[in-house]
There are 2 protein chains.
Amino acid sequence: MSKLWGMPDRPDLAAMAAPLTRALMAAETPILREHGLSMWAYAVLLGLDERPVRTQAALAESIGADKTRIIRVLDDLQRRGLIERSPDPADRRVRLLSITPEGRRLRDAAQAGIRRMEERLLSRLSDDDREAFVRVLRVLSALPAQEFR
Amino acid sequence: MSKLWGMPDRPDLAAMAAPLTRALMAAETPILREHGLSMWAYAVLLGLDERPVRTQAALAESIGADKTRIIRVLDDLQRRGLIERSPDPADRRVRLLSITPEGRRLRDAAQAGIRRMEERLLSRLSDDDREAFVRVLRVLSALPAQEFR
DNA sequence: ACAGAAGATAAGCGTATGCATATCGTCTGC
DNA sequence: GCAGACGATATGCATACGCTTATCTTCTGT
């Protein structure tokens, strides 16, 4: 009864997810470096994708970063013209964050390189497996923390 | 042509794998604490599962740890009688590492708690999705780093 | 037998991270 | 109108990590 669904023995999920994440990030890092982006900077550009985010704290939360540490990253991205940080006319405490066309270009270029790496990796799977894996990964990664209790 | 295989737009794999890993580890931590185990200590017990490992460096490598940092963890586990560290009679530089029955009991108990959490999580998937996800995760997590180039 | 390699261990360094605190400007409910 | 809440920012601290160096013991090739 310890094996519901007839699932064969397997490693813990975290014991598989952690090395995979490490390997993916290790593979991303040099690609991002080529574009002059740190992991956090890239995460910010992704987080600002499309919808502008209203507050820096909200952005930090959405990308799982510390809200005080993200500030230097934003400073740098703004200085390089990749994002815009304008005071909200309706609430001058707030900085409206948005990605610039230049920022979008850079993000797209970096992401394209990353996608090439990822697709090489996924190409070893069957179409069905690839589809199911990405779909499930998407669902599980989007679950709120309390679903893991 | 940017969408081979008709794959719909999706987040980067790392952007999904990283939060999932974080959530899984966050959910594991309190379970391990109940058994008096740190994440590294648990990783060691898992790494020693079944086959005894011949050298500490090999163990460290197999669980993705630093070989100098792991020593204190081994000291602690040995002191608690959860592992054994005996000099190899054939090469007295080497410490043969093995898990004790007591260590196995503790590992099993901790793992059972973790499995309950994981199965609750996976229970929201269809049988097919669950099977494919775990199988693919297992394959990808076991790939050597150079496969990610 | 001896030089060099290998294993275990200790210690130090630079960096990243999460967490807490403090300040300052601004808003909002009463 | 003011107290308290909120957002952005800077700073400090403890922790953890990867990496390097050094030391000691033991083995191996020549």
Side-chain angles (χ1 to χ4, degrees), chain A residues 14 18-19 21-30 32-33 37-44 47-48 52-79 83-98 145, chain B residues 14 18-19 21-30 32-33 37-44 47-48 52-79 83-98 145:
Chain A
T21 299
R22 243 176 299 161
L24 285 170
M25 300 220 295
E28 276 195 15
T29 300
L32 293 176
R33 284 266 171 260
L37 290 174
S38 69
M39 198 66 79
W40 283 124
Y42 181 60
V44 165
L48 291 180
V53 176
R54 237 185 66 80
T55 77
Q56 300 186 177
L59 173 64
E61 228 236 286
S62 81
I63 64 176
D66 186 286
K67 72 181 189 300
T68 76
R69 297 287 167 171
I70 211 181
I71 293 172
R72 302 308 182 87
V73 178
L74 296 177
D75 289 347
D76 181 61
L77 288 173
Q78 184 181 29
R79 194 179 41 72
I83 66 169
E84 261 182 13
R85 208 159 26 160
S86 53
D88 183 346
D91 183 344
R92 280 180 299 178
R93 291 173 305 181
V94 174
R95 312 295 174 84
L96 295 176
L97 302 171
S98 57
Chain B
T21 299
R22 242 176 301 167
L24 286 171
M25 299 219 296
E28 275 194 15
T29 299
L32 293 177
R33 284 265 170 261
L37 291 173
S38 69
M39 198 67 78
W40 284 125
Y42 181 60
V44 165
L48 289 181
V53 176
R54 238 186 64 83
T55 76
Q56 299 185 176
L59 172 65
E61 228 235 287
S62 81
I63 64 175
D66 185 284
K67 74 179 187 302
T68 75
R69 296 287 168 172
I70 212 181
I71 292 174
R72 302 308 183 89
V73 178
L74 296 179
D75 289 346
D76 182 60
L77 289 173
Q78 184 181 26
R79 193 178 43 70
I83 66 169
E84 262 183 14
R85 206 162 23 162
S86 53
D88 184 347
D91 183 343
R92 280 179 300 176
R93 292 172 303 180
V94 174
R95 313 296 175 87
L96 294 175
L97 302 170
S98 58

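Here the structure is a predicted model, which is why all the values come from computation and not from measurement. In the text below, chain A, chain B and the rest are named by the order of the sequence lines, each starting its count at 1.
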(request) Select base, sugar-phosphate, or nothing to describe what A:Thr68 touches, counting heavy atoms under 4.0 Å on all strands. (result) base

(request) Assign B:Arg72 to base, sugar-phosphate, or nothing according to its heavy-atom contacts below 4.0 angstrom with the strands shown. (result) sugar-phosphate

(message) Side chain of B:Trp40 only, heavy atoms from C-beta on: which candidate in C:dG7, D:dG7, D:dC17 is closest?
(response) D:dC17

(request) Kindly point out which of C:dA8, D:dA10, D:dC17 is positioned nearest to the side chain of A:Asp75? (result) D:dA10

Polar atoms only, N or O, under 3.5 Å: list the protein pairs with nucleotides 23-27 of chain D and their distances.
{"from": "D:dC27", "atom 1": "OP1", "to": "B:Arg92", "atom 2": "N", "distance (Å)": "2.7"}

(request) Could you tell me the separation between the CG atom of B:Asp76 and the CD1 atom of B:Ile71, rounded to the nearest 0.5 Å? (result) 14.0 Å

Return the value, rounded to whole Å, for the distance between atom [atom1] of [X] and atom [atom2] of [N].
X       : N      : atom1 : atom2 : value
A:Leu59 : D:dT9  : CG    : C1'   : 15 Å
A:Leu96 : D:dA8  : CG    : P     : 10 Å
A:Met25 : C:dT17 : CE    : C1'   : 12 Å
B:Leu74 : C:dA8  : CG    : P     : 9 Å
A:Leu97 : D:dG7  : CG    : C1'   : 12 Å
B:Glu61 : C:dA8  : CD    : P     : 13 Å
B:Arg69 : C:dG12 : CZ    : P     : 11 Å
B:Lys67 : D:dC19 : NZ    : P     : 10 Å

Identify the two heavy atoms, one from [X] and one from [Y], that lie closest to each other, and give their separation to 0.1 Å.
X       : Y       : value
B:Gly64 : B:Trp40 : O-CH2, 3.6 Å
A:Ser38 : A:Ala41 : OG-N, 3.0 Å
A:Tyr42 : A:Leu37 : CD1-CD1, 4.2 Å

(message) Go nucleotide by nucleotide along DNA chain C from the 5' end; which of B:Gln56 and A:Asp66 gets its closest nucleotide reached first?
(response) B:Gln56

(request) Could you please spell out the steps behind the side-chain contact (heavy atoms from CB on, under 4.5 Å) verdict for B:Lys67 and B:Gln56? (result) CA-CA 7 Å; B:Lys67 74 179 187 302; B:Gln56 299 185 176; over 6 Å; no

(message) OP1 or OP2 of D:dA8 versus the side-chain N and O atoms of A:Arg54: is any pair under 4.0 Å?
(response) no

(message) With a 4.0 Å cut-off on N to O distance, would you call A:Asp88 and A:Arg54 a salt bridge?
(response) yes

(message) Going by side-chain hydrogen bond (donor to acceptor under 3.5 Å, both in side chains), name the residues that satisfy it together with B:Arg33, two or more places apart in sequence or in a different chain.
(response) none

